[in-house]
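To start, the structure itself, in structure tokens.
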Amino acid sequence: DLIETAIRIKKKQKLIDSSANDGPFSVQEIVDCIPEKILLGGADAMAAFEWAYHLGLTNETVNPFRKKFTIRQCELHEPVYKLKQFCFGNVGREAKNYEVGFKRLLYHFSPLVVLLNGDKLKNVRGKVNKRIDGVRNHGVLLVGWHGSYWILKNTWGKEWGKDGYLYLNKNSVPNLHEQVYYIPVL
């Protein structure tokens with residue numbers, strides 16, 4: 001979702017060729033082909049970005065998402081888009097500075113991928129004010145903010161959160177700024 005969204009933003013800003021393929025890209029190919037030892041209940045964010053950078057992304061129509069993880073069989077297809085650059089790291093050296101860093105990145109570049117404990121997000125609706133800690137095993141898109149909430153988009157469909165989005169209290173996830181992925185330039 002991050003790469004597709006970033007491409008659409010750049011198209012709207014006329015920063016890239018409007019004929020560029022903007023997805024949807026095949027999540028299934030990444031899930032099937034990344035070695036199982038680095039998967040965390042789905043595709044690990046760093047591994048997925050590395051995949052898009054080195055091998056490129058296949059269109060979803062060629063290898064659609066099956067929503068069930070069965071015997072893994074990696075089938076490589078011709079990529080339709082290759083990521084030119086991505087960034088990973090800590091946004092803001094201190095926790096108190098990360099909010100400004102997130103807002104700058106969102107404003108100047110694209111949505112951010114942040115890692116959360118997906119097990120604690122499975123049955124949420126609307127707004128979350130409780131603490132979300134534990135193993136960070138699921139990446140979501142941080143697409144904006146409203147007051148004291150971050151607005152998140154998940155890949156679990158419109159049934160999750162409210163129409164696929166969730167308002168997460170900015171204080172709900174300790175050290176959210178420590179593992180952030182984004183695309184600075186396409």
Side-chain angles (χ1 to χ4, degrees), residues 1-13 16 20-31 39-49 51-52 57 59-60 64-67 81 83 86-89 91 98-99 101-184 186:
D1 273 358
L2 172 68
I3 296 169
E4 292 168 23
T5 303
I7 289 171
R8 289 185 183 116
I9 288 169
K10 300 304 179 191
K11 272 187 181 181
K12 189 173 182 178
Q13 296 171 351
I16 65 170
N21 188 318
D22 59 359
F25 299 117
S26 176
V27 172
Q28 194 65 51
E29 185 170 281
I30 294 172
V31 169
L39 289 179
L40 301 171
D44 173 80
M46 178 63 91
F49 274 83
W51 182 277
L57 298 167
N59 197 291
E60 175 78 10
F65 188 56
R66 293 187 291 275
K67 293 188 181 182
Y81 184 83
L83 189 60
F86 71 92
C87 294
F88 162 76
V91 175
Y98 88 90
E99 185 175 335
F102 276 9
K103 289 178 179 180
R104 284 182 181 155
L105 290 171
L106 286 166
Y107 181 79
H108 291 292
F109 299 114
S110 64
L112 312 174
V113 172
V114 294
L115 302 181
L116 303 170
N117 185 333
D119 299 329
K120 293 189 177 183
L121 294 174
K122 287 186 177 171
N123 298 310
V124 299
R125 299 281 180 255
K127 290 184 179 179
V128 171
N129 289 300
K130 66 181 181 178
R131 188 175 172 95
I132 306 289
D133 53 9
V135 176
R136 295 183 188 197
N137 58 3
H138 184 65
V140 295
L141 286 179
L142 194 156
V143 297
W145 69 91
H146 184 265
S148 61
Y149 292 91
W150 294 119
I151 304 170
L152 305 178
K153 181 180 185 291
N154 204 340
T155 57
W156 292 344
K158 292 190 179 219
E159 307 81 40
W160 180 82
K162 184 177 180 191
D163 296 324
Y165 291 86
L166 179 76
Y167 283 75
L168 178 70
N169 187 297
K170 291 177 182 175
N171 297 316
S172 292
V173 182
N175 303 317
L176 182 64
H177 64 286
E178 289 183 347
Q179 296 181 31
V180 180
Y181 300 83
Y182 65 96
I183 302 170
L186 287 174

Heavy atoms only: give me the nearest [X]-[Y] pair and the separation to one decimal.
| X | Y | answer |
| --- | --- | --- |
| Val143 | Pro111 | CG1-CB, 4.1 Å |
| Gly118 | His138 | CA-CB, 3.7 Å |
| Glu60 | Phe25 | OE1-O, 3.1 Å |
| Val128 | Ile132 | CG1-CD1, 4.0 Å |

- Task: Name all residues meeting the side-chain hydrogen bond (donor to acceptor under 3.5 Å, both in side chains) criterion together with Tyr149; count only those two or more places apart in sequence or in a different chain, and write none if there are none.
- Result: Asn129
- Item | With Asn171 via side-chain hydrogen bond (donor to acceptor under 3.5 Å, both in side chains) - residues at least two apart | none
- Task: Please lay out, stage by stage, how Trp150 and Phe102 fare under the test ring-ring contact (aromatic ring centres under 6.0 Å, His included).
- Result: CA-CA 10 Å; Trp150 294 119; Phe102 276 9; 5.2 Å; yes
Please report the interatomic distance [atom1]([X]) to [atom2]([Y]), rounded to the nearest 0.5 Å.
| X | Y | atom1 | atom2 | value |
| --- | --- | --- | --- | --- |
| Leu112 | Tyr181 | CG | OH | 12.5 Å |
| Leu142 | Leu105 | CG | CG | 10.0 Å |
| Ile151 | Lys162 | CD1 | NZ | 11.5 Å |

- Summary of salt bridge (Lys or Arg N to Asp or Glu O under 4.0 Å) pairs that have at least one residue in residues 105-121, sequence neighbours excluded: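 For residues 105-121: Asp119-Lys122, Lys120-Asp133.
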- Would Leu152 and Leu116 count as a side chain to side chain contact (heavy atoms under 4.5 Å, CB included) if you check the C-alpha gap in whole Å, the side-chain angles of each, and the deciding distance to 0.1 Å? CA-CA 11 Å; Leu152 305 178; Leu116 303 170; 3.7 Å; yes
- Item | Check: Glu159 main-chain N/O paired with Arg125 side-chain donor or acceptor under 3.5 Å |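 Checking the backbone N and O of Glu159 against the side chain of Arg125, a donor-acceptor pair under 3.5 Å is found.
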- Asn169 backbone acceptor or donor facing Ser148 side chain under 3.5 Å: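 No.
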- Message: The criterion is salt bridge (Lys or Arg N to Asp or Glu O under 4.0 Å); which residues satisfy it with Lys127, sequence neighbours excluded?
- Response: none
- Considering residues at least two apart in sequence or located in another chain, which fulfil the salt bridge (Lys or Arg N to Asp or Glu O under 4.0 Å) criterion with Lys170? Glu99
